[in-house]
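Scroll down for the structure; my scribbles are underneath it.
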2 protein chains.
Amino acid sequence: MNLSPGQLDTLFQALGDPTRRAILERLARGPATVTELAGPFDMALPSFLGHVRRLEGAGLVETSKQGRTRTVKLVPGAFTPVRSWLDEQRALWEGRLDRLDDYLTRLMKERADGS
Amino acid sequence: MNLSPGQLDTLFQALGDPTRRAILERLARGPATVTELAGPFDMALPSFLGHVRRLEGAGLVETSKQGRTRTVKLVPGAFTPVRSWLDEQRALWEGRLDRLDDYLTRLMKERADGS
DNA sequence: AAGATGCTTAGCCGTTTGGCTAACTGATTT
DNA sequence: AAATCAGTTAGCCAAACGGCTAAGCATCTT
């Protein structure tokens with residue numbers, strides 16, 4: 001389940017904006033139409049819609065239009081590439097610590113054996 | 001341990017670039033000087049340094065200069081705000097599912113009681 | 001003392017981002 | 001049929017981004 005090269009870019013970039021994160025937080029509590037979503041934000045609708053589109057582009061959100069209203073909902077598994085990257089990063093780091101630990105252990109053994 | 005408002009912004013934005021993520025991946029295996037780090041990247045040094053500075057600005061990385069070389073190292077706990085946000089987000093989502101679950105359970109009970 | 005090395009600063013450039021207004025389309029309501 | 005409502009498109013704008021070159025400034029090295 002490998003991810004396309006730029007996917008992490010668009011994901012992280014999409015999350016790097018407070019408005020967009022707020023939208024996601026709101027959507028975690030359930031779907032909403034665009035104007036419902038836009039309500040709390042002091043922003044013209046076209047600007048706001050841009051954010052929704054960006055979230056959609058990153059695959060974090062899905063939208064569907066029926067009649068004249070468009071409803072937006074969270075895409076459940078969309079965060080996993082991000083989580084995976086963070087986890088890998090942590091694994092790398094811990095791997096490094098492990099190796100440092102090994103090294104120190106070996107060092108102490110050598111000293112104990114008499115130099 | 002609350003985080004300043006814009007901290008998540010700078011963090012996510014810093015992670016939203018492949019060069020910068022690659023730098024972090026490299027650094028997880030241990031500190032390095034700027035030119036060592038820059039080696040694999042087909043990029044002029046000033047451009048590259050810009051990325052390091054951005055990582056430093058986000059608090060993901062620490063640098064120190066001795067003599068004419070500057071060494072860069074990972075800041076261990078720096079990812080935690082990001083992880084926290086993702087966890088909260090997931091908690092929200094699951095909370096919502098729980099409530100949905102409750103709702104369905106209640107619904108079925110009512111039906112079982114005979115409408 | 002001279003030269004090479006390792007950044008660093010300054011300044012330019014094109015693209016993207018995040019905001020706006022004005023005007024338009026299509027559905028619903030009255 | 002007219003008015004309203006929910007998005008949408010188009011176009012503008014300033015600031016930020018990501019890249020570059022050229023030149024400067026300290027160390028080391030020779």
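Reminder, nothing fancy here: chain letters follow the sequence lines and each chain counts from 1.
Taking 4.5 Å as the limit, some side-chain heavy atom of A/R54 sits within range of a side-chain heavy atom of A/R20.
Positionally, the nearest nucleotide of DNA chain C for A/Q13 lies more toward the 5' end than for the other of A/S47 and A/Q13. Annotation: of the two residues near DNA chain C, B/R70 and A/D42, the 5′-most nearest-nucleotide partner is B/R70.
Looking at heavy-atom distances under 4.0 Å, B/T35 makes contact with sugar-phosphate atoms alone, never a base. Looking at heavy-atom distances under 4.0 Å, B/G67 makes contact with sugar-phosphate atoms alone, never a base.
Between B/R53 and C/dT8 there is a side-chain polar atom (N or O) within less than 4.0 angstrom of OP1 or OP2. When the side-chain nitrogen and oxygen atoms of A/H51 are compared with OP1 and OP2 of C/dT17, none of them lie within a distance under 4.0 Å.
The CG atom of B/D9 sits 16 Å away from the C1' atom of D/dC17 (whole-angstrom rounding). Following rounding to the nearest Å, B/L45 (CG) and D/dC20 (C1') show an atom-to-atom distance of 13 Å.
Listed candidates were D/dC20, C/dC20, C/dG18. Nearest to the side chain of B/A44 is D/dC20.
Following chains of ILVMFWY side-chain contacts shorter than 4.5 Å, one cannot reach B/F79 starting from B/V75, and the two form parts of different hydrophobic clusters.
Taking 3.5 Å as the limit, the base of D/dC5 and the side chain of A/R68 contain a donor-acceptor pair of atoms between them.
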